Amino acid sequence: MSAEAADTEALWGAVADPSRRRVLDVILARGEATATEIAREVPFSRQAVMKHLAVLDRAGLVSAHRRGREVLYVASPERVGAAVKSLARVADLWDRRLSSIKRLAERAHREGRPGS
Amino acid sequence: MTQGHIERELSIDAPIDVVWATITEPEQINEWWTDTAQIDLHPGGDGRLGWVSRATNEPMTVPLRVERFEPPHHFSFRWCHPDAAAPTDANSLLVEFSLTSDGQGTRLRLVESGFDTREWTAAERDAELAKHEDGWTRHLATLRQHAASVAVGAEVR
């Protein structure tokens, strides 16, 4: 697998879980957040939050930095953008197929008419 | 941030039975998606979708299993599951077409889901497949050249 494909795999794996996406959304909304702050805004435990943060960090979607005794997590706009673009690319594929379906069906209908 | 599925709707100026044929008949699917499609067109039916790489001339196929086949309104199938495994909502993508008559035309709705429940490889594989497809332009050129589209028009009626 190419380096690019492996990277996309890590991104997709990171955002595949809806709870993990929720953690990422909280960080995006707040700009930066501690695990405790995130846990207050999600319906699962701080321990679960920490596990999700580890996966997001490994995928490069968030990074941690210390401020005094606190550890704060921030999102990487570039990496988040890449994940969104990846899904958008798949959507583009369907847009092209649907355009073709439309064209084929309309042509079949037009050319099936008597006298055309 | 991202949803785990893709949804699209569009209107088509053709009757529902013509659109149904376009999305379900393997020879038609070969016009808008695959190079080779074989499908047992009934609920639970198996199939294979195939492409030939433009670069290497190597064929590749992926399995498919039909879920709903209810002419002329609902056609859905699972794909992108591992070859040896039965498709489930944890290991495959689900593609759902819904057609409704809209005056003289048809309203088509497409949903592809499972990106968040399935391991990622489906999305990347789809992108890989796109590289093999090289050419909606190729398809368009073929369509223009072949008056077969006229024959197609007669058949689907």
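In what follows, every chain begins at residue 1, and chains take the letters A, B, ... in the order their sequences are listed. Given the structure is predicted, the values throughout are model-derived calculations rather than measurements.
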Show which side-chain atoms of residues 26-38 of chain A pair as donor or acceptor with protein atoms under 3.5 Å away, not counting sequence neighbours.
unit_1, atom_1, unit_2, atom_2, d
A/R30, NH1, A/E41, OE2, 2.7
A/E32, OE1, A/H65, NE2, 3.4
A/E32, OE1, A/R67, NH2, 3.3
A/E32, OE2, A/R67, NH1, 2.8
A/E32, OE2, A/R67, NH2, 2.9
A/T34, OG1, A/E37, N, 3.1
A/T36, OG1, A/R46, NE, 3.1
A/E37, OE1, A/T34, N, 2.9

Query raised in the report: With distance as the sole test, does A/E106 use its side chain to make a donor-acceptor pair with the main-chain N or O of B/A14 at under 3.5 Å?
Result: no

Report summary line: All heavy atoms of B/P15 vs all of A/H109, minimum pair found to be CD-ND1, 3.2 Å

Query raised in the report: How long is the span from the NZ atom in A/K102 to the OG1 atom in B/T22, to the nearest 0.5 Å?
Result: 12.0 Å

Report summary line: From the list B/V19, B/L108, B/L10, B/V95, the residue making the most non-hydrogen contacts under 4.5 Å with chain A is B/L10

Report task. Verify the cluster assignment for B/I12 and B/L110: are they in a single hydrophobic cluster under the rule of side-chain heavy atoms below 4.5 Å apart? Result -> yes

Report summary line: Under 4.5 Å to a heavy atom of chain A? For B/T106 that would be neither

Report task. Could you check whether the rings of A/W94 and B/W32 sit parallel, tilted or perpendicular, using 30° and 60° as the cut-offs? Result -> tilted

Query raised in the report: Got a second to check how far B/E112's CD is from A/R97's CZ, nearest 0.5 Å?
Result: 7.0 Å

Query raised in the report: So if you build clusters from Ile, Leu, Val, Met, Phe, Trp, Tyr with side-chain heavy-atom gaps below 4.5 Å, do B/V111 and B/L99 land together?
Result: no

Query raised in the report: Side-chain heavy atoms under 4.5 angstrom apart, residues restricted to Ile, Leu, Val, Met, Phe, Trp, Tyr: same cluster for A/L53 and A/V74?
Result: no

Query raised in the report: If every non-hydrogen atom of B/V18 is compared with every non-hydrogen atom of A/A105, which pair is closest and at what distance?
Result: CG1-O, 3.5 Å

Query raised in the report: Out of curiosity, does B/L64 fall in the hydrophobic cluster containing B/W33 (side-chain heavy atoms, cut-off under 4.5 Å, transitive links)?
Result: yes

Query raised in the report: Out of curiosity, does A/L72 fall in the hydrophobic cluster containing A/L24 (side-chain heavy atoms, cut-off under 4.5 Å, transitive links)?
Result: no

Query raised in the report: How close do B/R8 and A/L98 get, heavy atom to heavy atom, and via which atoms?
Result: CB-CD1, 3.4 Å

Requested in this report: For the pair B/F97 and A/I101, evaluate side chain to side chain contact (heavy atoms under 4.5 Å, CB included) and give the outcome as yes or no after the intermediate values.
Outcome: CA-CA 12 Å; B/F97 284 102; A/I101 288 168; 4.1 Å; yes

Requested in this report: Among residues two or more places apart or on two chains, list those pairs meeting salt bridge (Lys or Arg N to Asp or Glu O under 4.0 Å) that have a residue in residues 90-106 of chain B.
Outcome: none

